[in-house]
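Everything quoted here is computed from the prediction, not taken from an experiment. Proteins get letters first, then strands, A, B, ... in listed order; numbering begins at 1 in each.
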There are 2 protein chains.
Amino acid sequence: MPDDIDRRLLTLLTANARLPLKELAAQVGLSSPSVSDRLRRLEEQGLIRAFTVEIDPAQLGYTLQAIVRIRPLPGRLHLVQRLIEEIPEITECDKVTGDDCFIARLMLRDISHLDRILDSIADKAETSTAIVKAQPVLRRLPPLA
Amino acid sequence: MPDDIDRRLLTLLTANARLPLKELAAQVGLSSPSVSDRLRRLEEQGLIRAFTVEIDPAQLGYTLQAIVRIRPLPGRLHLVQRLIEEIPEITECDKVTGDDCFIARLMLRDISHLDRILDSIADKAETSTAIVKAQPVLRRLPPLA
DNA sequence: GCATCATGCCGGATGACATCGACCGCCGCC
DNA sequence: GGCGGCGGTCGATGTCATCCGGCATGATGC
């Protein structure tokens, strides 16, 4: 659906969402009204979900991250899912195939913080926790080909 | 480090990174030059890593996502890490404690696409794959308290 | 083959916006 | 009590986004 110019716009905006239209226009060889049109369309059709900001969690006090696999106890699936949605330290969660029903990313202030959160779901689900030691690939775009 | 006003700015920008300074200023009760100053500071100190754009991968043709746990064979850790960084379909990867050394998110065009990518690392690492069925929590901010 | 229409683009005018400089008030410090 | 730095406001200026009218292109229907 998106053509080559759309893809270039997406790439540019991924690197800096606050680039002025004029600059974007110059980079892709169009006028600013045209770029404005395209962005509006991309946003309307949902390809661009939102313009947002990448934050360093460490500087907000979340010096620790964990990836937790969550297996709800029998009959507790929906309860656990609701719980997951309500724990604000879970900043991302996927529902997946396999024994591990959910895979969640936790933002934590310290290791006791982890303990507290896992405790709060321990009676409704089994969990396997992996502490994040490094992030070799930080969120990036898939190929746009 | 960030005060209450900074946190409100972050919240506003997370929802819409292209909000004009004037609007931000009105929302937090400051003038636009002040807001501009604060944003510049937040960006310089790295708390704001980047202004970026949230994209719907499905509309780029990536109708499938998978979470893959990757255990490099003995002696292959660095090789595998380099490989991971070079596979563009891996849009996110954490290095974690435990048997699973890496946890990666893959963007895929179809199920055979998954097979192709896993094949390309099968002789250097063991993998466990979970297909994403739903995303109960889409990337969001942790509490800013 | 031609008229018609929709689409995507441009250029210029207008109004909104960001930026810059000058100035002010508050607070901690000597 | 005077001083300096920090964080703020205000107003002027230049840049920018948006709106509007018009044009070229390609598809559609007669």
Exercise. Looking only at side-chain N and O atoms, does B:Ser34 come under 4.0 Å of OP1 or OP2 in D:dG7?
Worked result: no
Exercise. In terms of side-chain geometry, is the basic nitrogen of A:Lys95 or A:Asp100 positioned less than 4.0 Å from the acidic oxygen of its partner?
Worked result: no
Seminar exercise, completed: Per the under-4.0 Å heavy-atom filter, residues of residues 9-33 of chain B near DNA chain C come out as B:Pro20, B:Leu21, B:Lys22, B:Pro33
Exercise. Is it true that B:Arg40 and B:Asp37 have a side-chain N and a carboxylate O under 4.0 angstrom from each other?
Worked result: yes
Exercise. Are A:Arg139 and B:Glu54 close enough for a salt bridge, meaning some N to O gap below 4.0 Å?
Worked result: yes
Problem set entry | Residues which pass side chain to side chain donor-acceptor pair (under 3.5 Å) with A:Glu85, listed by chain and number, not counting sequence neighbours | A:Gln81
Exercise. Does the distance from a Lys or Arg side-chain N to an Asp or Glu carboxylate O, for A:Asp123 and A:Arg76, drop under 4.0 Å?
Worked result: no
For this session: Starting from P on D:dT18, measure out to CG on A:Asp37 and report it in whole angstrom.
Result: 10 Å
For this session: Would you check if the side chain of B:Tyr62 reaches a backbone N or O of B:Asp110 as a donor-acceptor pair within less than 3.5 Å?
Result: no
Problem set entry | Length of the CG-P vector between A:Asp3 and C:dG8, whole Å | 9 Å
Exercise. Within the structure, does a side-chain N or O atom of B:Arg38 lie under 4.0 Å from either OP1 or OP2 of D:dG8?
Worked result: yes
